[in-house]
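A short write-up of the structure that comes next.
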Amino acid sequence: MSDCLFCKITKKEIPADVVYEDGRLMVFKDIKPSAPVHLLVVPKEHIQSIAHITDNHREVLSDLIYAAKDMAEKQGLSGYKLTFNVGREGGQLVDHLHLHLLGGWGSTVSE
Ligand code: AMP
Ligand code: ZN
């Protein structure tokens, strides 16, 4: 997808604060963080959203979740939230699948 923001970031056509990358995914800092630690775990393959995944994407999805767990450990997070926003009504603004990793509040989260 030539006009997709996260495709451009994963192809390094647009800079981002990248904290991890391998052949299948990239993890970078959210430009407008909603938590002390806010990372986006993004597959290099263009998939629009969770609503667009197929049976062929099982491995990609497990890669995303495993990478998020790994990043949370590396960041020293003892607890965190993992969120997929799906569709406009679900708060998704960028139409390229991404997993939000949110944490770093210490032990004070009460929600
Ligand atoms: P969503 O609302 O689930 O589609 O999340 C999109 C996220 O991407 C938001 O939290 C934005 O702050 C973040 N974002 C938008 N543009 C950039 C960018 N250029 N670099 C890093 N994060 C971005
Ligand atoms: Zn894309």
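Just follow the structure's listing: the first ligand is 1, and inside any ligand the first atom is 1.
- Residue L40 touches ligand 1 through its side chain alone, judged by heavy-atom distances below 4.0 Å.
- Atom CD of E13 has more than 12 heavy atoms from other residues, nucleotides or ligands within 6.0 Å.
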Side chains of residues 64-72: which donor-acceptor pairs under 3.5 Å do they make with residues two or more places apart or in other chains?
| from | atom 1 | to | atom 2 | distance (Å) |
| --- | --- | --- | --- | --- |
| K69 | NZ | E73 | OE2 | 3.1 |
| D70 | OD2 | K74 | NZ | 3.1 |

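- Across all their heavy atoms, P33 and H38 have their closest contact at CA-ND1, 3.5 Å.
- Looking from atom 17 (C) of ligand 1 to the surrounding protein, the closest heavy atom is I31 CG2, 3.6 Å.
- Taking a cut-off of under 4.0 Å to the non-hydrogen atoms of K29, the atoms of ligand 1 that pass are 21 (C).
- Close approach of ligand 1 to K32 is summarised as follows: ligand atoms under 4.0 Å from at least one heavy atom of the residue are 12 (O).
- Here the CE atom belonging to M26 is positioned 3.5 Å from the CD atom belonging to E21, to the nearest 0.5 angstrom.
- Residue N85 approaches ligand 1 through these ligand atoms, each under 4.0 Å from one of its heavy atoms: 1 (P), 2 (O), 3 (O).
- Looking at Q92, its side chain does come within 3.5 Å of a backbone N or O of V94 through a donor-acceptor pair.
- Protein heavy atom in closest approach to atom 16 (N) of ligand 1: L5 CD2, 3.4 Å.
- Among the heteroatoms counted here (N, O or S) of H96, ND1 is the one nearest to the Zn ion (ligand 2).
- At under 3.5 Å, not a single nitrogen or oxygen of A16, backbone or side chain, sits near a nitrogen or oxygen of ligand 1.
- For the side chain to side chain donor-acceptor pair (under 3.5 Å) with H96, the qualifying choice from H46, K44, K8 is H46, the only one to do so.
- Considering backbone and side-chain N/O of V94, one or more are found under 3.5 Å from N/O of ligand 1.
- Each of the following atoms of ligand 1 lies closer than 4.0 Å to a heavy atom of F28: 21 (C).
- Both L61 and L39 are members of a single hydrophobic cluster when ILVMFWY side chains are connected at heavy-atom separations under 4.5 Å.
- If you check which protein heavy atom lies closest to atom 4 (O) of ligand 1, you get L93 N, 2.7 Å.
- Note that the CD1 atom of I47 and the CG atom of D95 stand 13.0 Å from one another [nearest 0.5 Å].
- Taking any N or O of Q92, backbone or side chain, none lies under 3.5 Å from an N or O belonging to ligand 1.
- Ranked by closest heavy atom to atom 6 (C) of ligand 1, the top entry among H96, R88, H38, H98 is H98.
- Of all the N, O or S atoms in H46, the one closest to the Zn ion (ligand 2) is ND1.
- One finds an angle of 120° at the Zn ion (ligand 2) between SG on C4 and SG on C7, to the nearest 10 degrees.
- Close N/O approach between D30 and ligand 1 is found [any backbone or side-chain N/O within under 3.5 Å].
- A distance below 6.0 Å separates the ring centres of H98 and H100.
- At a 4.0 Å heavy-atom cut-off, ligand 1 touches F6 through the side chain alone.
- Distance check: D22 CG to D63 CG gives 7.0 Å after rounding to the nearest 0.5 Å.
- Ranking the protein heavy atoms by distance from atom 2 (O) of ligand 1 puts G91 O, 2.8 Å first.
- Checked against K29 for a side-chain contact (heavy atoms from CB on, under 4.5 Å), the options V37, V19, L40 give a single hit: V19.
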